[in-house]
Every structure is written in structure tokens, then in C-alpha cells.
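Read through the structure below, which is laid out as C-alpha cells, and then see the notes.
Proteins come first, then strands; the chains are lettered A, B, ... in the order of their sequence lines, and each starts at number 1. Only this structure's heavy atoms are used, side chains among them; waters, hydrogens and symmetry mates stay out.
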Amino acid sequence: MNKPQSKAKPLAAYDHTKIEAKWQKQWDKKKAFVVKEDSTKKKFFGLIEFPFPSGDGLHVGHIRSNTAMDIIARKRRREGFNVLYPIGWDAFGLPTENYAIKTGMQPSVVSKKNSDTFRRQLKALGFSFDWSREIDTTDPKYYKWTQWIFLQFLKKGLAYKKKMTINWCPKDLTGLANEEVVNGCCERCGTPVEKRDKEQWMLAITKYADRLDKDLDTVEFLERIKTQQRNWIGKSEGAELSFKIKDSDKNIDVFTTRPDTLYGVTYVVLAPEHKLVSEFMDKIENKSDVEAYIAKVKKETDIERTDAKKEKSGVELKGLRAINPANNEEVSIWIADYVLADYGTGAVMAVPAHDERDFEFAKKYNLTIKTVIEPLISKDDGPDAVKKDAPFVERNAAVCIIKHWSEDKYLMSFYKANGWKGFVVGGIENGESVAVTGTREIHEETGYKNAKFVREVGTIHSKFYHAVKSVNRFAHFKVAYFELSNGDRDEMAEEEKKLHDVVWLSPSEVAASVNREDIRIAWNFFNGKTSYTGSGLLVNSGSFTGKDSESIKKDITSSAGGKWVTTFKLRDWIFSRQRYWGEPIPVVHCESCGIVAVPEKDLPVKLPKVKNYKPTETGESPLAAISKWVNTKCPNCKGKAKRETDTMPNWAGSSWYYLRYADPKNKKVFADKKKLEYWTPVDWYNGGMEHTTLHLLYSRFWHKFLYDIGVVPTSEPYMKRTAHGLILAAGGEKMSKSKGNVVNPDDIIGTLGADSLRLYEMFMGPFDQPIAWNTDNIAGVRRFIERVWKLHEKVQPGTVATKDAQKIVHKTIKKVTEDIEAMRFNTAISSLMIALNELERQESVAVESYEALLQLIAPFAPHVTEELWASLGHKDSIHTSGWPLFDAAFTVESEATIMIQISGKVRGSFTAPMNTSKEELEKLAKESPEAKKWLEGKSVSKVIVVPNKLVNIVVV
RNA sequence: GCCGGGGUGGCGAAAUUGGUUAUACGCGCAAGACUUAAAAUCUUGUUUUCGUUUAUUCGAAAGUGUGAGUUCGAGUCUCACCCCCGGCACCA
């Protein structure tokens with residue numbers, strides 16, 4: 001260690017422009033952040049999403065993410081890690097191509113110009129990137145390996161060509177992947193997508209669906225990222241069952257997660273596109289109706305078709321009947337737009353009693369609704385939770401819904417003890433009917449004499465612990481509906497009056513008061529507006545009647561000859577784009593051999609330079625027009641062949657770029673295995689939530705594939721994934737060029753400096769939360785930097801740090817160290833400000849205190865701290881100095897302030913040594929003047945003492 | 001509809017695990033100091049209501065989206081509801 005020799009000479013005024021340029025040059029020259037593999041050191045691979053170099057220049061959002069990871073990277077370096085923090089350009093993509101078309105420039109030229117701007121801007125922010133590893137996805141030396149990976153997919157049969165209906169963007173004139181369609185519109189330009197039938201290259205991501213889902217358990221991703229990916233993959237387990245079509249040898253296969261409701265099937269529904277519909281068309285009696293309906297559905301767009309709010313429609317296939325495999329019952333067959341052709345088997349069994357959509361459909365077309373499940377509510381928490389060791393006692397009871405004789409109001413009992421409202425309930429005696437029990441109980445509990453039984457509504461079962469009787473109760477509530485014919489009423493018995501009042505409520509008031517699940521279900525039953533979709537006890541279900549619906553799903557499935565299967569919502573990845581600016585797909589179409597892969601030795605298949613790369617209306621890539629490039633020889637038979645003219649989506653290059661960082665210049669392999677073993681996996685990856693079901697999912701898929709073919713050492717690419725919140729424009733809207741509300745970082749760097757900008761973006765709010773830009777607030781962090789600069793004047797060589805100064809410094813070390821790890825940058829900076837305020841109050845500041853402060857600020861504001869560090873006489877960079885450690889002796893208080901509370905209200909405080917005994921604290925509190933004042937004339941009923949915190953004296 | 005995240009001063013936001021008089025830190029605003037003046041800088045103040053004092057002051061109560069609950073004690077826990085943001089959505 002070199003000894004600092006502070007001269008305590010006043011520094012010149014803080015000139016950010018000079019300082020920032022000076023140190024950036026210096027770091028570049030010294031290759032301060034260039035790393036090599038070093039087996040003696042632990043590695044840390046920190047990653048941010050490499051930017052797409054758009055013509056708009058760097059966005060303040062990039063800075064938020066990059067600064068956060070820069071702070072972490074700088075801290076790791078100083079903790080002794082060998083840190084890889086790389087950068088590159090994800091430069092293929094439509095905006096560049098569109099701009100090139102508009103201006104007549106070559107996309108490669110536009111791209112180069114844009115990445116030059118980005119590089120200049122990133123360097124101006126002082127990020128500690130290893131610039132020697134810079135990569136560019138549009139560099140043939142890079143995309144050679146993107147193409148190579150594609151060939152491996154092809155070899156394993158995971159890349160395949162298929163004619164299918166795809167989403168086509170009429171503005172960008174290209175096909176899109178499912179992940180790129182947002183609410184039926186193109187993710188990039190917002191144009192509603194169209195359907196087109198096209199030959200497409202596909203990647204079989206569905207083969208990895210289960211692992212992509214399951215392996216989320218092995219990585220440290222933010223919970224919301226995991227949920228979102230799981231959602232998207234959409235794993236669902238259920239039964240596949242076959243309904244035979246009567247008088248034929250064909251079956252309708254259906255997928256269901258609720259085989260327990262099989263006995264409640266009253267019809268089956270096919271998607272209008274289902275192939276059985278056309279196969280049986282001649283047998284359908286109402287053929288013309290059916291054909292008309294199919295034609296109508298085909299005309300609808302995806303958005304119209306899948307709007308859940310739209311009223312469902314359908315038409316019966318008359319003359320066809322299906323047979324329920326469970327009980328051989330015949331049911332009708334329908335086609336309807338609410339059944340999707342491409343999910344499950346494209347057909348469903350309809351159970352209107354226990355499925356919302358089926359219910360709605362059945363109501364509309366007057367189809368049978370057959371109840372096969374009665375709700376069973378089992379309390380598993382609270383004081384009435386079922387006790388494992390207590391016996392069950394069954395009991396039948398009537399629940400009475402009672403209507404007023406003249407108004408649309410219903411009777412409820414208001415229980416005075418707990419404020420609950422409920423319907424009149426009474427035990428059913430042996431052999432008694434609900435009607436008899438109900439009428440009797442209504443009279444006993446409410447006094448009303450003329451209740452008339454109208455109908456039974458349904459049954460609800462309930463299991464709970466009956467504390468008074470010390471048994472578990474298994475109650476069967478029969479819900480019945482009564483109407484009062486008039487208001488004739490006897491006086492309520494005294495003991496009933498004590499328990500509850502009688503209140504009349506309107507239907508909406510009833511709905512608002514039913515906060516217990518069983519009462520709510522009873523009320524819903526009565527209203528008949530919804531179906532019961534929960535679990536419970538089976539009825540009308542043959543040999544399964546009386547069983548618990550959850551536990552017999554698999555049994556019912558096998559008894560009906562079905563099988564238990566897993567399905568996914570995830571679809572295979574549409575990998576072709578009909579545009580110029582992407583990696584050419586490295587295959588040729590040979591007249592005699594068909595599709596032939598370009599030999600690996602011939603990679604890369606370079607993008608030809610052309611004059612016109614405008615996309616075409618025909619759905620053919622512009623490359624198709626370049627006959628010189630297209631016409632080639634088959635590598636196999638040397639016969640005539642044409643090159644594939646579709647290109648890859650821009651998600652291709654980004655699916656493996658982090659691997660290339662480990663060995664960016666390798667010409668023999670995409671990355672040397674030893675280097676991969678040293679650097680990968682990525683330890684910490686920060687990026688945007690918008691990539692969760694795109695880039696993040698795609699790259700996990702590629703990585704797993706590369707792992708399977710043995711070329712990468714781990715099965716997951718990223719150990720940890722975090723996400724930053726979006727930076728919005730001042731009004732809270734998205735920043736966009738068209739709205740003219742984009743903040744240009746160059747301006748701020750010019751006026752206030754990169755350090756201020758970095759500090760502001762970290763201080764503006766919680767890192768993971770979206771936040772609106774506010775230029776005024778940058779002044780605060782700029783002042784902070786200036787005050788740190790000025791504090792230098794108070795640094796005197798001979799000064800011994802006071803106890804207070806030491807305490808605040810060590811507390812700050814602790815806080816900043818912890819906050820950086822948790823990405824709580826805003827509170828880390830706030831604690832640095834508090835420390836500065838404290839040190840400014842000192843007469844003079846010890847060198848060690850000031851140094852510690854600078855060392856803590858350094859990751860946030862690397863330039864000004866480097867300058868001040870040097871001014872203290874240090875020859876080595878502050879960014880190679882060890883990360884400060886705190887001494888617990890200074891962070892633990894020796895005295896505690898004890899609050900005096902009287903009946904929970906704070907009335908005063910006193911100080912006492914740490915860990916003073918409870919008895920002592922109580923004594924001290926009672927002797928305090930505040931206590932004396934507030935306790936006068938009162939008597940103490942209870943005293944609560946929390947050591948080191950408070951004494952609460954409760955009085956009456 | 002379902003799944004996440006959130007609702008605290010004029011604004012961005014703090015508040016270990018329920019417990020040191022809620023609003024740290026920053027912005028803004030107000031007053032003062034310095035200055036011929038302004039900017040910059042520094043100092044002080046800045047939740048609301050009520051009462052009190054000529055005034056500086058002093059005192060009380062309420063207060064973290066709404067309503068209830070648990071507790072000696074709730075921004076923090078429970079229940080119901082309202083609103084905002086993000087994702088998924090006729091997924092069988």
C-alpha cells in the first residue's frame with residue numbers, strides 16, 4: 001500500500017468535462033478493465049443485454065441497466081474477483097434496414113455508424129466494459145457461428161421446414177414468431193397481423209418445454225420472471241379421452257384438466273377447423289348451416305375470435321352423436337368459436353355445470369346442465385380448522401334463503417357477537433324433509449309464520465372443527481328457497497334475540513355481506529348465474545359417487561380408457577424472416593437432393609451486397625431477386641441448387657452472444673471449451689422485463705440444446721436474472737421519438753457530467769420499479785458530488801477520526817455493501833449523503849474517513865472519485881483498491897434510546913446502556929417525569945418491556 | 001377473469017423482524033445570511049386540524065387508498081373492498 005500524503009491544498013473547482021475525459025483516456029490506455037482467464041482467481045461474469053444500435057442513440061434506459069451492473073462489477077473487482085463485463089452490438093434488425101431503404105444507404109453502413117455513436121456514448125459514461133471483447137452480430141466472423149448452431153439444430157431434426165398458417169405483418173412484410181405478436185399486433189410496429197399460409201423454418205422449442213419450465217427451479221431469477229415464463233410455457237396436466245362418434249369408427253379426442261367431471265358431460269364441441277368436421281360433412285343434416293358458420297368464423301381476425309367478452313356462438317352437427325366413454329351416454333356434437341384448433345386436441349368435452357364457458361354456451365342454446373360435483377369446503381386454517389386427531393361427526397342442515405312478501409329483499413341473521421351475516425340454518429332431524437325443517441327453523445329463529453318452501457337450490461358440504469363439542473364436523477347443507485306469503489310474525493324468543501337480529505337486504509347487499517365461502521356459494525347457487533368450478537364431492541357419477549373430486553381424476557381417466565398427458569401452450573418457434581438484414585439460413589434447395597445443409601467449412605454464408613433490399617409483397621425475401629447469389633451448386637451432387645432466401649430473426653444472434661464473449665476472436669470454434677468452462681455460466685444478468693418470453697426464453701432454449709450436444713458446460717446460461725424498471729418520460733408516458741419526449745444523455749453529460757447522470761439514475765427510485773424522468777432532481781446529486789469535492793478542504797493529515805465520524809463511516813460501509821447486493825441503489829446513495837452531512841459537521845476530517853467515503857462512492861461515480869483519490873497522493877486507481885470492510889464495533893450502538901409508552905402512546909424517552917435488563921428498564925421508565933405525569937391518578941394494569949426498544953405501561 | 005407489482009407530504013421516495021414520537025435522503029417551496037443586484041452557496045423552516053400566546057411559543061388530537069379485525073402496540077399481520085401499473089387470457 002502506498003501512503004497517501006494529503007497536501008490539503010485547495011483543489012480547483014470541480015470541472016466534470018476535464019476530469020471525465022482525463023480518466024476515460026487513462027483507463028483505456030491502461031486497459032484497466034481488460035481481463036484474461038486466471039485460474040487463481042474466482043471469476044465473475046456480469047452481463048447486460050447488448051444494445052441494438054438504433055439511429056436514435058443511447059437511451060437513458062440503457063444507462064440505468066448498464067450503471068447498475070457496472071456498480072456490481074466494480075465492487076466485485078475490488079472484492080478480488082476476476083470480472084468479465086463485456087459489451088457488443090445486437091445489430092441485425094428491421095429499424096436499421098428500414099432506415100437504409102429510406103436513405104439509400106447500405107444497412108451495414110448504417111449499422112456501423114450507429115454502433116460508433118453508441119460506443120462513443122457508452123465510453124463517455126465510464127462503464128468498465130472490457131472493450132477488447134466487443135462483438136457484433138452482423139460481423140460475418142460472428143454470424144458464421146450463428147449459422148453453425150443452426151446447422152446443429154438441423155442435424156438433430158430440431159430445425160425443420162413446414163407449411164403452416166403464420167402471423168404476417170403487412171407493414172414490415174415479414175412473418176413473425178408467436179412471441180412477437182402482442183394482442184394480435186406486430187410487437188415492433190403495432191400493425192394488426194394477418195394470417196398467411198407459408199413454408200417456414202421452425203425451431204422445435206416445444207421439445208424443451210418441460211425442461212425450460214422445470215429448470216427454472218435451479219436458477220435465481222426474480223420470481224415474476226419465473227412466473228411469466230411458466231405462464232408462457234403453459235404447462236398443464238390432464239386427461240386425454242376419446243368420445244366415439246356413433247355409427248362410425250372415428251373418435252373425438254378431447255383434452256381436459258377436469259376428468260372428474262366426465263359424468264357431467266352433456267355435449268362435445270369441436271373447433272370449426274377440426275378435420276372431423278369436413279370428414280363427416282356429408283352425414284351432417286344441417287350441412288349448409290354448418291358451412292355458413294365455418295365461413296363466418298374464418299372471416300374473423302384473431303383479435304375478434306379470441307375476445308373473451310364476446311358472446312359465444314356455435315352450431316350443432318345434427319345427425320352426429322358422440323358417446324361418453326364413462327357411462328355410454330349419447331351426447332350432441334357442436335362446433336363453436338370458443339374452441340381453439342391449435343390448443344390441446346382442438347376439441348372439448350362440455351360440462352356446463354362446472355365450467356364457465358360451457359355454462360354460458362349451454363344457457364344460450366338451452367342445453368342440459370347436469371351437476372356432478374357438490375362443493376366441499378374444508379377449513380385448513382383459523383380456529384375452526386379441521387383437527388387431525390379428532391373424530392368426524394356428520395350432520396345434515398337446511399340453509400334457508402327467504403324472500404320478503406312484497407319487496408325484492410332477502411332475510412339474513414345479523415350475529416351480534418362477531419358481526420357476521422348469514423342465512424337461517426337449522427339441523428335436519430332424521431328422515432325430515434328440507435321443507436319441513438326450513439319452515440320450522442324460520443319460525444323459531446325469526447318468528448315469521450308463513451314461509452312457503454319453493455325449491456331446493458343445491459347442496460354444500462363443509463368440514464370444520466367444532467370447538468365447543470371438540471369434534472370435527474362434516475356438515476351437509478341443503479340450500480332451499482322459501483317465500484313469505486305475508487309479514488305475520490310471532491315475537492322472537494329471548495335467547496334468539498340475544499344472539500342475532502333479523503335484517504332485510506337487497507340482492508346486491510346480500511352479495512356484499514356474504515364473506516364466508518359457503519354462504520357465498522349458496523347465494524351463487526340460488527342466483528344460478530354461474531357454474532361451480534371448484535372441487536368437491538361427486539354425485540351422479542356411477543361408482544365414483546361420493547368420492548372426492550380431486551383424488552379420483554386419474555382413476556376416472558383410466559376407467560374411461562383415457563390417458564394422463566401433459567400439454568403446453570408454447571408453440572414451436574417460427575424462425576424465418578422475409579427480410580434482407582439478418583443471417584442467411586445456411587441451406588440450399590437442390591433439384592434432386594431437396595434441402596441440403598451448407599457444409600460447415602463453407603460458412604459463413606455471407607449476405608450479398610445488393611442495390612435493392614426492399615421487402616416484397618409476395619412474401620419472398622429480397623434475397624430471392626439476386627440470381628447470382630441464389631443460383632448455386634448442390635454441395636452434395638453438384639447439381640443445380642438454389643439458396644434459401646429467408647433470413648433468421650434478430651433473436652438468433654442474441655441467443656448465444658454471451659458465450660462468444662468468453663472467446664470473441666476464436667476462428668476454429670464459437671468459443672474455446674476451456675474458456676467457457678472458466679467464464680460461464682453468466683453469474684448475474686440484468687435486463688428488461690420485455691424480453692422475458694422472447695430473448696430470455698429463446699437463449700435458454702439454445703443453451704440447453706448446446707449443452708445436449710456437448711459444446712457448453714452448463715445446462716442453464718444464467719445463474720441469476722434481475723430486471724430494471726422502465727424509465728418513462730416526464731409525464732409518465734413512454735419515451736418516443738414521435739412524442740418528442742426523449743432525453744438525450746449527451747446533453748446531460750455535457751452540462752452536468754457522466755457521474756451526475758449515473759448517480760441520478762441510481763438515486764431516482766427503486767431500481768426494479770418504473771419511474772418518470774425528472775431533470776430537476778439531477779441537481780441534487782450534482783450538489784452532492786460538489787460537496788464531496790469541497791469536503792477535501794477539511795481533510796487534514798493529522799486529524800484523528802472522532803468516534804462519531806468512525807461510527808457513521810462504518811455504518812455506511814455496511815449499508816452500501818448490503819444495498820448494492822440487493823440492488824437498492826437509491827438507499828445506498830441516500831446513506832452516502834447522510835454520511836457526507838455528518839462529516840461536513842466535523843471541524844476537520846481524517847484522511848481515512850474521506851478515503852472510505854470516496855471508495856464507497858467510486859462504483860457510482862467513478863471519475864470524480866478517481867480524481868479525488870489521486871489528489872490524496874495515491875498512485876494506484878481507486879478502482880483497484882480493496883473494497884472497504886466495516887468493523888462491527890462501530891456499527892453496534894452502546895446505548896439504546898428507550899421509548900416510554902403509556903397505553904401504547906409514546907410519551908417520552910430515555911437512554912440506557914445496551915442490553916439493560918427488563919426489570920431495570922421498567923424501573924427507569926416508571927421513575928421518569930413523563931411516566932409520573934401520565935400515570936397520575938391511574939392504575940397500572942400491565943407493563944410490556946422490549947429490551948433496547950421500549951417500555952409500554954398500560955393503564956386503565 | 002387469472003397471475004404479479006404497487007397506493008405513505010406539493011413531488012421522487014425511506015422505514016431490519018409488528019416496537020426508538022411515521023415521512024430518512026433528495027427535489028420543490030418559504031424566510032434569512034452573503035452580494036450594489038442576481039445566480040451560486042450557506043442557515044433555518046416546510047403533514048393536517050384544533051386550541052393557546054401580543055409574539056417567539058406551548059399543548060392536544062388525527063394521520064400511510066377505504067372499511068373492519070387481531071394486538072399492550074399496525075405503514076408493516078388478517079379479511080373485505082376501491083384505484084393504478086405490468087403480464088396472461090374463450091388454454092378446455
Side-chain angles (χ1 to χ4, degrees), chain A residues 182-183 222-228 230-232 234 236 238-239 254-258 261 269 305-312 336-340 342-351 355-358 360-361 381-382 418-419 512-516 567-569 689-690 692-693 725-726 728 732 760 763-766 768-781 783-784 786-787 790 818 824 826-827 829-834 836-837 893 896-911 941-955:
Chain A
V182 178
N183 295 326
L222 286 185
E223 211 43 51
R224 60 193 166 123
I225 296 175
K226 290 189 184 183
T227 340
Q228 224 165 290
R230 285 211 177 92
N231 242 314
W232 186 260
S236 122
V254 300
F255 172 74
T256 179
T257 55
R258 295 295 303 272
T261 63
V269 193
R305 171 91 186 264
T306 58
D307 181 3
K309 283 177 215 108
K310 194 186 73 171
E311 192 176 295
K312 299 176 193 350
D337 56 357
Y338 78 93
V339 176
L340 306 174
D342 63 353
Y343 182 75
T345 60
V348 300
M349 57 180 227
V351 188
D355 181 276
E356 276 313 323
R357 290 164 317 226
D358 298 342
E360 201 186 308
F361 192 78
D381 55 359
N418 52 16
S513 340
V514 289
N515 48 11
R516 268 182 47 184
T567 59
F568 297 91
K569 280 197 268 184
M689 282 306 286
E690 71 275 15
T692 303
T693 54
L726 233 55
L728 306 166
Y760 167 64
F763 185 60
M764 64 197 305
D768 58 348
Q769 226 59 42
I771 193 152
W773 185 264
N774 181 349
T775 302
D776 285 348
N777 284 343
I778 308 179
V781 290
R783 269 175 218 151
F784 168 71
E786 283 175 9
R787 281 163 55 203
K790 256 190 109 179
E818 289 166 359
R824 290 187 300 250
N826 55 333
T827 51
I829 294 168
S830 135
S831 70
L832 288 165
M833 288 171 167
I834 294 169
L836 174 67
N837 290 345
E893 295 288 346
T897 307
I898 309 295
M899 302 312 292
I900 304 165
Q901 293 188 351
I902 312 293
S903 295
K905 280 201 192 295
V906 178
R907 297 301 181 189
S909 65
F910 62 94
T911 57
S941 71
K942 194 175 181 180
V943 179
I944 292 119
V945 183
V946 182
N948 300 328
K949 297 235 156 111
L950 58 85
V951 178
N952 187 6
I953 302 166
V954 186
V955 296

Requested in this report: Could you work out the separation of U48(B) and G10(B) based on their C1' atoms and round it to a whole Å?
Outcome: 14 Å
**Report entry** Under the 3.5 Å Watson-Crick or G-U criterion, the dot-bracket string of RNA chain B, with | for inter-strand pairs
**Finding:** (((((((..(((......[.....)))((((((.......))))))(((((......)))))..(((((..]....))))))))))))....
**Report entry** Proximity to the side chain of N837(A) - top-ranked nucleotide from U17(B), U41(B), C25(B)
**Finding:** C25(B)
Report task. Please state how far atom CG in L836(A) lies from atom C1' in C42(B), giving the value in whole angstrom units. Result -> 14 Å
Report summary line: Per the glycosidic torsion and the 90° limit around 0, nucleotide G9(B) is syn
Query raised in the report: For the pair made of CD in Q228(A) and C1' in C88(B), what is the distance, rounded to whole Å?
Result: 8 Å
Query raised in the report: Would you say the side-chain atoms of Y760(A) pair up with the backbone N or O of N774(A), donor to acceptor, closer than 3.5 Å?
Result: yes
Requested in this report: Only counting residues at least two apart or in another chain, list the ones meeting salt bridge (Lys or Arg N to Asp or Glu O under 4.0 Å) with E690(A).
Outcome: none
Requested in this report: Provide the closest heavy-atom pair for F763(A) versus V781(A) in the form atom of the first, atom of the second, distance.
Outcome: CD2-CG1, 3.9 Å
Query raised in the report: Base, sugar-phosphate, or nothing for V254(A), non-hydrogen atoms under 4.0 angstrom?
Result: nothing
**Report entry** Nearest-Å distance for atom pair CZ/P, residues F910(A) and U21(B)
**Finding:** 14 Å
Requested in this report: Take atom CD1 of I834(A) and atom P of A24(B), then tell me their distance rounded to the nearest Å.
Outcome: 10 Å
Query raised in the report: When the distance from CZ of F361(A) to C1' of A92(B) is rounded to whole Å, what number comes out?
Result: 14 Å
**Report entry** Per D776(A) side chain, nearest of listed nucleotides U20(B), C27(B), A24(B)
**Finding:** C27(B)
Query raised in the report: Where each residue is assigned the nucleotide of RNA chain B containing its nearest heavy atom, which of M833(A) and T897(A) is assigned the position nearer the 5′ end?
Result: T897(A)
Query - Summary of protein contacts for nucleotides 7-15 of chain B, nucleotide by nucleotide, where a base hit scores B, a sugar-phosphate-only hit scores S (4.0 Å, heavy atoms) - result: -----BSS-
Query - Spacing of the C1' atoms in U41(B) and C58(B) (rounded, Å) - result: 35 Å
**Report entry** Minimum heavy-atom distance V254(A)-M349(A), with the two atoms named
**Finding:** CG1-N, 3.7 Å
Requested in this report: Whole angstrom is fine here: how far is it from CG in N948(A) over to P in U16(B)?
Outcome: 18 Å
Query raised in the report: What pairs with F361(A) under ring pair (Phe, Tyr, Trp, His ring centres under 6.0 Å), at least two apart in sequence or on another chain?
Result: Y267(A), W334(A), Y338(A), Y365(A)
Query raised in the report: Roughly, in whole Å, what's the span from NZ in K949(A) to P in U21(B)?
Result: 12 Å
Write down the protein N/O and nucleotide N/O pairs, taken from nucleotides 72-76 of chain B, whose separation is under 3.5 Å; answer none if there are no such pairs.
unit_1: C72(B); atom_1: OP1; unit_2: K942(A); atom_2: NZ; d: 3.2
unit_1: C72(B); atom_1: O2'; unit_2: N952(A); atom_2: ND2; d: 3.4
unit_1: C72(B); atom_1: O2; unit_2: N952(A); atom_2: ND2; d: 2.4

Report summary line: Atom CG of N231(A) and atom P of C88(B) are separated, to the nearest Å, by 9 Å
Query - Residues that T827(A) engages under side chain to side chain donor-acceptor pair (under 3.5 Å), provided they are two or more places apart - result: D819(A)
Query - Of the listed nucleotides C42(B), A24(B), C27(B), the one nearest the side chain of R787(A) - result: C42(B)
Query raised in the report: For W232(A) and S236(A), take the nucleotide of RNA chain B holding the closest heavy atom to each; which residue's nucleotide lies nearer the 5' end?
Result: W232(A)
Report task. Taking atom NZ of K226(A) as the centre, report whether more than 12 heavy atoms of other residues, nucleotides or ligands fall under 6.0 Å from it. Result -> yes
